[in-house]
Amino acid sequence: MERTGEARLIVEVKGLGKSFGAHKVLDGVDFSMRAGEVVAVIGPSGSGKSTLLRCLNQLEQHDEGLIQICGIGMQAGLPVPRKDMNDLRRSAGMVFQSFNLFPHMTVLRNISLPQERVLGRSRAQADERSRALLERVGLAGKADQYPARCSGGQQQRIAIARALALDPRIMLFDEPTSALDPEIGLEVLAVMQELAEAGMSMIVVTHEMHFAETVSDRVILMAEGRILEEGPSAEVMRRPKTARAQQFLHAVLNR
Amino acid sequence: MTPENALLIAGGIWWTIIVTLGAFGLGAALGVPICAMHVSRSRALHVVAVVLIVILRSVPPIVWIFILYFGIGSGWLSIGPVPAAIVALGVITAANMAEIYRGALKSIHPGQWDASHALGLSTWSEFRDVMAPQIFRVTLPSATTYLIGLLKDSAIASTIGVMEITYLAGFLASKQFGASLQIFAFAGALYILISLPLAAVARIADARLRMKVAQ
């Protein structure tokens, strides 16, 4: 898919700040992305990557700055109207490190229930869509199982299907493979790569350097709550400018 | 133990069950808002819930029954012995169920809230579809233990004249001097008879639910 040209901005973040108590987790973060772009966010643990993602869909409320995502603007300190919040959650799908499937529902129910509750689809419509998505992530046979009977990699693919079922315009991935064996992680990354190739806008917080370099269009490297470097993947990862970024990349690329 | 006596005492089973289930139903329902207040972000609601729970749990059930039936019931509003027993045991149950719910709430992985919010589920759907079923599963064993305890506690309803098992046994024993041992032993056996199926049903339900979510 062609990603260049005059695509509109799907995310715009200006002066984003967030503190937990006295600890400033995000400090003056600015970035934007166009629809269809795939952005990888990398950096050492505790650099604020996950918090950035959680602010984007308001699982955390930011203290400073402005977030615009899918046409919804959120200024720090101002309450987000219910309608905007609903639109936001509908537009932004999220995938978590710990999968967070609902353990008491079958795989099919996990994917269908949000469609019924959030989009008002009938059970039949929802199930049809769920089965199509399970097929797409290679788990058609798992529909009637409970999540506990699925491997971690399978659970994460189901979680991706659950998020996609609401027809999001952007997908947020919060370290989707960090809880998985490297080998199992590959099956999740394959699904994500396919999604990227289909033109989905994606922000991926990850420690998978290979994925960041080969699949994403752009890499954002964060440390201590700030964006250290940002640019085309190969450039940031192979020719980092700052000493801190060089140190981090040297550590993770030479393992 | 004559068949007539046995039948008479067994006639109290219904009131025993009505008082027990009535109090449990009331408590299981009232426990939800009390638990919600306890975990609420509002400091005031939290304090109210804590005070309520301490008061309800510290005063003996029989004293609550007397307060309701002889205290409030005699002067301010008229309340029959059965409703008095159900309400008195019900509010105590509410305090205990609130604590049982709270324990279950803590056992739910925080990611469940994240997922519900990120998917855009409404607060009601989050409660009804995601949290309540999981809380129910976790509370089932402790709630059953409490229910069986409540079944035995319902005997104190006899003190205000509810014609349940213990009341009828006491009535008979006072009439037939010398037969007290058999009469009360029979009453005891009835309690065992009621609690056994309760425990069995709960154990089977628990095992089934566990099997579904087991790794």
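Each chain gets a letter, A, B and so on, in the order the sequences are listed, and its residues count up from 1.
B/His109 NE2 to A/Phe102 CZ: the interatomic distance, rounded to the nearest 0.5 Å, is 13.0 Å.
Atom NZ of B/Lys152 has 12 or fewer neighbouring heavy atoms from other residues, nucleotides or ligands inside a 6.0 Å radius. Environment of CD in A/Glu12: crowded, with over 12 heavy atoms of neighbouring residues, nucleotides or ligands closer than 6.0 Å. Crowding of B/Arg57 atom CZ: a count of heavy atoms from other residues, nucleotides or ligands under 6.0 Å exceeding 12. Counted within 6.0 Å of CZ on B/Phe136, heavy atoms from surrounding residues, nucleotides or ligands total 12 or fewer; the atom is thus considered open. With a 6.0 Å radius and a threshold of 12 heavy atoms from other residues, nucleotides or ligands, A/Glu135 has its CD atom at or below the threshold. Applying the 6.0 Å contact sphere to CZ of B/Phe171 captures no more than 12 heavy atoms from other residues, nucleotides or ligands. Remark: B/Met163 CE is loosely packed, at most 12 non-hydrogen atoms of other residues, nucleotides or ligands lying under 6.0 Å away.
Contacts between A/Arg54 and chain B at a heavy-atom distance below 4.5 Å involve the side chain alone, from C-beta outward. In this structure, chain B has a heavy atom under 4.5 Å from the side chain of A/Arg117, while its backbone stays farther away. Interface remark: A/Leu172 contributes no atoms to any contact with chain B (heavy atom separation under 4.5 Å). No part of A/Met85 comes within reach of chain B, as not one of its non-hydrogen atoms sits under 4.5 angstrom from that chain. Of the atoms belonging to A/Ala165, not a single heavy atom falls under 4.5 Å from chain B.
Within residues 110-121 of chain B, the residues that have a heavy atom under 4.5 Å from a heavy atom of chain A are B/Gly111, B/Gln112, B/Asp114, B/Ala115, B/Ser116, B/His117, B/Ala118, B/Leu119, B/Gly120, B/Leu121, listed by number.
When each of A/Arg109, A/Met94, A/His104 is checked for heavy-atom pairs under 4.5 Å with chain B, A/His104 comes out on top.
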